[in-house]
Amino acid sequence: MSHCSSFSDAASFAEDGAEVDEEAAQEDFEFKLKGLIDLTMDKSAKTRQAALEGLKNGLSSKILYDFILERRLTLTDSIERCLKKGKGEEQRVAASLACLLCCQLGSGIESEEVFKTLAPVLKNIISDRSASMPARQACASYLGLCCFIATDDIEDLYMTMECMENVFTKQYRSEGGTDNASALHIQALQSWALLLTICHSSEVKKKIDIHLHKLPRLLSCDNVNLRIAAGETLALLFELAREADADFYYEDLEPLTETLKGLATDCNKHRAKVDRRKQRSVFRDVLRAVEDGEFQSEVIRFGRERMHIDCWVKRLTYGVFKELFGSGMQFHLMTNGFLRSIFELGPPLLLDAATIKAMKVSRDERHMNNSAAFKARTKARSKLRDKRADVGEFF
């Protein structure tokens, strides 16, 4: 009887073993994170940067609310010290870690305190011309996202937007500029647009009145990414304006649409082919948004769920968070309650670790799928080439 009972409980033993293994792995993971937090205090810049990178990877790949809540002040102090003491790449990674910290904590008092502590330091780096340009770009991007996540104070919101306006409006008066400067203006413009989406309708109207007549100037700049950012921001402003006022009318619509049509069909040889293709694709969507208020929706699949990107506001928000989380975006969409609330996905589905792991496509399987798609694409193109060759020989 004892032997029979032991066999009947084999499945339960396996489940218990899996739970123990999972708990042990989590404890080991948290132990490593504790070590990385300690290393952010190291004298060596390389050691601090490596520790920040490790923490960034950890926070972007797992939900660690309880762990972070206990060490919030320590982490905030470490990030602040790295932003002040570090240079270049260290500041860039520290700024992204600040944003991930707010994302893990969600919208509340804890994340607001993190924002209030770090916002002045981030603003100083943005305005510091002696700081490296990648660090300034990262601070402009992540300051806006931290504010979007954490602040409930309308004064903090408007002050952050003003900080961004002081950066990107310089491009209104500029005839050109370096690519690095343009990249900073792009990040500031995107952060400003993101914060505009959570403003009161009266403030939105004010900002639209100020910027809608000036933004088209950026459509003629030399930097393709700045042209695209300006176009997408224009589409967003038109969407917000029509939501606030169904009878919204823009006086200079005709010249603006002509400019957008030119960018949507740009064939200038002095521009790189990749840039032209990217620009045409974006500005076709922008033109539809400005002329007809249309948006080409897309579907994001993660786990067993789907999310519809059906407006410019949601597209911008998703793009910003995807840039932050990287490959961990799908995991956070499935499990991060705060992120799900932003996209109105409801509470997380109750999935155990084994189910989540089973839903992940292995590297080999992904490689086989890509290879099969590549072969099918090659065959289809070969047939088209053969037809073209036959027509050429016939004539």
Side-chain angles (χ1 to χ4, degrees), residues 33 36-61 68 74-105 111 114-150 160 163-164 166-168 170 177-195 223 225-226 229 319-329 332:
L33 290 182
L36 291 173
I37 292 171
D38 293 337
L39 288 174
T40 57
M41 313 287 187
D42 198 86
K43 290 182 180 180
S44 168
K46 284 186 177 180
T47 303
R48 292 197 305 271
Q49 185 180 321
L52 291 169
E53 289 280 7
L55 288 168
K56 178 188 171 186
N57 292 336
L59 268 62
S60 61
S61 61
I68 286 170
T74 306
L75 272 167
T76 306
D77 289 343
S78 297
I79 293 168
E80 185 178 11
R81 187 178 288 105
C82 290
L83 286 170
K84 289 179 176 178
K85 188 177 180 180
K87 302 289 181 185
E89 191 65 15
E90 183 181 344
Q91 291 176 315
R92 186 191 68 79
V93 183
S96 65
L97 185 59
C99 210
L100 286 166
L101 180 59
C102 289
C103 282
Q104 290 276 350
L105 293 169
S111 59
V114 173
F115 172 76
K116 286 182 180 294
T117 302
L118 298 178
V121 187
L122 294 170
K123 288 178 182 178
N124 286 339
I125 296 172
I126 292 169
S127 58
D128 183 5
R129 294 193 175 187
S130 65
S132 76
M133 193 56 75
R136 295 175 70 191
Q137 292 167 24
C139 289
S141 177
Y142 296 126
L143 173 62
L145 187 51
C146 281
C147 183
F148 178 85
I149 295 164
T160 306
C163 173
M164 298 303 165
N166 291 337
V167 176
F168 75 80
K170 292 176 182 176
T178 63
D179 287 341
N180 284 337
S182 296
L184 174 62
H185 298 151
I186 291 166
Q187 297 301 332
L189 179 60
Q190 288 180 340
S191 290
W192 175 83
L194 179 69
L195 295 177
N223 188 297
N225 292 319
L226 185 54
V320 171
F321 277 104
K322 186 179 179 184
E323 183 70 25
L324 175 67
F325 286 117
S327 59
M329 182 64 180
H332 277 270

Requested in this report: Could you tell me which residues satisfy side chain to side chain contact (heavy atoms under 4.5 Å, CB included) with Lys116, sequence neighbours excluded, listed by chain and number?
Outcome: Glu112, Asp153, Asp156
Query raised in the report: With sequence neighbours left out, what residues match Phe321 under ring-ring contact (aromatic ring centres under 6.0 Å, His included)?
Result: none
Query - Residues in side chain to side chain donor-acceptor pair (under 3.5 Å) contact with Arg92, at least two apart in sequence or another chain - result: Glu89
Report task. List in chain and number order the residues that pass side chain to side chain donor-acceptor pair (under 3.5 Å) with Asn225, two or more places apart in sequence or in another chain; answer none if no residue qualifies. Result -> Lys278
Query raised in the report: For Ala50, what residues pass the side chain to side chain contact (heavy atoms under 4.5 Å, CB included) criterion, not counting sequence neighbours?
Result: none
Requested in this report: Look only at the side chain of Gln91 and the backbone of Gly86, and say whether a donor-acceptor pair between them is shorter than 3.5 Å.
Outcome: yes
Query raised in the report: Which residues pass the ring-ring contact (aromatic ring centres under 6.0 Å, His included) test with Phe168, sequence neighbours left out?
Result: Trp192, His211
Query raised in the report: Within the side chain of Thr40, is there an N or O that forms a donor-acceptor pair under 3.5 Å with the backbone of Ile37?
Result: yes
Query - Residue list, side chain to side chain contact (heavy atoms under 4.5 Å, CB included) with Gln190, at least two apart or on another chain - result: Ile186, Gln187
Requested in this report: Only pairs at least two apart or in different chains count here, so list each salt bridge (charged side-chain N to carboxylate O under 4.0 Å, His left out) that has a residue in residues 42-52.
Outcome: Arg48-Glu90
Report task. Output all residues satisfying side chain to side chain contact (heavy atoms under 4.5 Å, CB included) with Thr76, sequence neighbours left out; order by chain, then residue number. Result -> Arg72, Leu101, Val114, Thr117, Leu118
Report summary line: Residues Gly144 and Leu195: closest non-hydrogen pair is O-CD2, 3.4 Å
Query raised in the report: Mind checking what makes side chain to side chain donor-acceptor pair (under 3.5 Å) contact with Thr47, not counting sequence neighbours?
Result: Ser44
Report summary line: Taken in chain and number order and not counting sequence neighbours, the residues that satisfy side chain to side chain donor-acceptor pair (under 3.5 Å) with Asp128 are Ser130
